[in-house]
Number of protein chains: 2
Amino acid sequence: MATDFRNKLQAEGLKVTPQRVAIFEAILRLNNHPTAEDIIAFIKTNHPNISVGTVYKVLDIFVEKKLIQKVKTEKDVMRYDPFLSNHHHLYCANTERIEDYEDEKLNQLIAEYFKKNKIKNFKIQDITLQITGKFSSQNKSKK
Amino acid sequence: MATDFRNKLQAEGLKVTPQRVAIFEAILRLNNHPTAEDIIAFIKTNHPNISVGTVYKVLDIFVEKKLIQKVKTEKDVMRYDPFLSNHHHLYCANTERIEDYEDEKLNQLIAEYFKKNKIKNFKIQDITLQITGKFSSQNKSKK
DNA sequence: GTTGTAAAGATAATGATTCTTATTTAGGAA
DNA sequence: TTCCTAAATAAGAATCATTATCTTTACAAC
């Protein structure tokens, strides 16, 4: 997994630096779709000299190279998701909590639907559900 | 429709001001999910003295009172949608274009699916699809 | 070692959004 | 209609996430 990350960086001709490793690990550990601020705070404990600009730049690169993705929200702060497989998001209606939701059966159902029911003048590349609601426990589920 | 808007404001105990009317009309006219900036630019032609802060405050109030909704995007600029019925969004992969997509049959399909397949520890309130892809014509469809 | 280049650090700049304060206005009551 | 008052607006300062700039560092190629 960590190796996977290194390989992917190198495949793109990008250097594997301690900062990049730390940022990627931070996103994995902070598994609730962290903001840049969350990531910086997390990294600062082990890596006090990291620069804010570096974090943003590295995040942009990761997104561009599809190592992570940005999560769409109604807030003006960006959030990041290290998870790349086709999945959906559960948004808490009351808090900032966002969880990933995987459901292959649902994906197939939707894919089949759109195979039969094309959208006029639009070629679908990706479909993601935003599911808003309430978590029954406030505690974050452990992975 | 305009009356509807006035009534809704008054029902909430809010005053019907020229600014609020202008902002609401702007969002309706600029029917591609405008940013605050778009709205300000549009209004400035007829209403040159409107204040930027007012526009933001009024937009917040509209969202809070559910007269409009914010559209989730991966960008740090907020966009607004005057359309309230349950609908989805088509995001252009290359441009900033966002279109509404209504599909009652799809909504039912998904609703049925989740009736049978509950999400553990989560109570669904709303489901919106983010459909990313490419429009076959660059021209905005006329309503 | 020197050179070249990508990356990181530090910090200034930007720009969307929010806040503050004084002034104006909508809309109800007199 | 006029008056009153809370609510709303205007103007501009402040905030804060993000971006840009410029310098320094790391490291590979020569």
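Here is how names work: the chains are called A, B, and so on, in the same order as the sequence lines, proteins then strands, and each is numbered from 1.
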* Please list, chain by chain and in numerical order, all residues satisfying salt bridge (Lys or Arg N to Asp or Glu O under 4.0 Å) with B:E12, sequence neighbours excluded. =>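 B:K65.
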
* Hey, could you give me each pair passing side chain to side chain donor-acceptor pair (under 3.5 Å) that has a residue in residues 44-64 of chain A? Not counting sequence neighbours. =>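 Found none.
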
* Could you list the residues that satisfy side-chain contact (heavy atoms from CB on, under 4.5 Å) with B:F122, not counting sequence neighbours? => A:L90, A:I131, A:F135, B:I119, B:I124

* Report the residues that fulfil side-chain contact (heavy atoms from CB on, under 4.5 Å) with B:A93, sequence neighbours left out, ordered by chain and then residue number. =>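 B:A93 satisfies side-chain contact (heavy atoms from CB on, under 4.5 Å) with A:Q125, B:T132 only.
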
* To do: With DNA chain D as reference, determine whether A:K70 or B:I50 sits nearer its 5' end, using the nearest nucleotide of each.
  =>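 Looking at the nearest nucleotide for each, B:I50 comes out on the 5' side.
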
* To do: Would you check if B:I110 and B:L106 make a side-chain contact, meaning some heavy-atom pair closer than 4.5 Å?
  => yes

* To do: Flag yes if more than 12 heavy atoms outside A:K134 fall under 6.0 Å of its NZ atom; otherwise flag no.
  =>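 Incorrect, the count does not exceed 12.
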
* Would you kindly confirm whether B:F42 and B:I98 end up in one hydrophobic cluster when ILVMFWY residues are joined by side chain heavy atoms under 4.5 Å apart? =>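 B:F42 and B:I98: separate clusters.
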
* Asked: Could you state the CZ-C1' distance from B:F62 to D:dT9, rounded to the nearest angstrom?
  -> 14 Å

* Between C1' of D:dA11 and NE2 of B:H47, the distance in whole Å ->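 Going from NE2 in B:H47 over to C1' in D:dA11 covers 16 Å.
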
* **For B:T128, all residues meeting side chain to side chain donor-acceptor pair (under 3.5 Å), sequence neighbours excluded** => B:D126

* Please name all residues satisfying side chain to side chain donor-acceptor pair (under 3.5 Å) with B:K105, sequence neighbours left out, ordered by chain then number. =>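 B:K105 satisfies side chain to side chain donor-acceptor pair (under 3.5 Å) with A:N117 only.
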
* For DNA chain C, find the residues of residues 71-80 of chain B with a heavy-atom distance under 4.0 Å and give them by number; none if there aren't any. => B:D76, B:V77, B:M78

* Structure fact -> Separation between CZ (B:F62) and CD1 (B:I27), nearest 0.5 Å, reads 6.5 Å

* To do: To the nearest 0.5 Å, tell me how far B:Y91 OH sits from B:E99 CD.
  =>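 Result: 12.0 Å between the selected atoms.
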
* Just the endpoints, please: which first and last nucleotides of DNA chain C, 5' to 3', lie under 4.0 Å from a heavy atom of chain B? -> C:dA16 to C:dG27

* Where along residues 10-21 of chain A does a heavy atom come under 4.0 Å from DNA chain D, residue by residue in number order? ->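 Those residues: none at all.
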
* **Those residues of residues 51-61 of chain B lying under 4.0 Å from DNA chain D by at least one heavy atom** =>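 Close to the strand are B:S51, B:T54, B:K57, B:V58.
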
* To do: Provide the full list of ring pair (Phe, Tyr, Trp, His ring centres under 6.0 Å) pairs with a residue in residues 95-119 of chain B, sequence neighbours left out, each pair given once.
  => none

Run the side-chain donor-acceptor check on residues 68-88 of chain A: report pairs under 3.5 Å with partners two or more places apart or on a different chain.
{"residue": "A:K72", "atom": "NZ", "partner": "B:E74", "partner atom": "OE2", "Å": "3.3"}
{"residue": "A:T73", "atom": "OG1", "partner": "A:K75", "partner atom": "N", "Å": "3.1"}
{"residue": "A:T73", "atom": "OG1", "partner": "A:K75", "partner atom": "O", "Å": "3.3"}
{"residue": "A:E74", "atom": "OE2", "partner": "B:K72", "partner atom": "NZ", "Å": "3.4"}
{"residue": "A:K75", "atom": "NZ", "partner": "A:E96", "partner atom": "OE1", "Å": "3.4"}
{"residue": "A:K75", "atom": "NZ", "partner": "A:E96", "partner atom": "OE2", "Å": "3.0"}
{"residue": "A:R79", "atom": "NE", "partner": "A:H33", "partner atom": "O", "Å": "2.7"}
{"residue": "A:R79", "atom": "NH1", "partner": "A:E96", "partner atom": "O", "Å": "2.5"}
{"residue": "A:R79", "atom": "NH2", "partner": "A:N32", "partner atom": "O", "Å": "2.8"}
{"residue": "A:R79", "atom": "NH2", "partner": "A:H33", "partner atom": "O", "Å": "3.2"}
{"residue": "A:R79", "atom": "NH2", "partner": "A:E96", "partner atom": "O", "Å": "3.2"}
{"residue": "A:D81", "atom": "OD1", "partner": "A:F83", "partner atom": "N", "Å": "2.9"}
{"residue": "A:D81", "atom": "OD2", "partner": "A:H33", "partner atom": "NE2", "Å": "3.1"}
{"residue": "A:D81", "atom": "OD2", "partner": "A:H87", "partner atom": "NE2", "Å": "2.9"}
{"residue": "A:D81", "atom": "OD2", "partner": "A:H89", "partner atom": "NE2", "Å": "2.9"}
{"residue": "A:S85", "atom": "OG", "partner": "A:E102", "partner atom": "OE2", "Å": "3.3"}
{"residue": "A:H87", "atom": "ND1", "partner": "A:S85", "partner atom": "O", "Å": "2.6"}
{"residue": "A:H87", "atom": "NE2", "partner": "A:H89", "partner atom": "NE2", "Å": "3.3"}
{"residue": "A:H87", "atom": "NE2", "partner": "A:D100", "partner atom": "OD1", "Å": "3.0"}
{"residue": "A:H88", "atom": "ND1", "partner": "A:L129", "partner atom": "N", "Å": "2.8"}
{"residue": "A:H88", "atom": "NE2", "partner": "A:N107", "partner atom": "OD1", "Å": "2.7"}

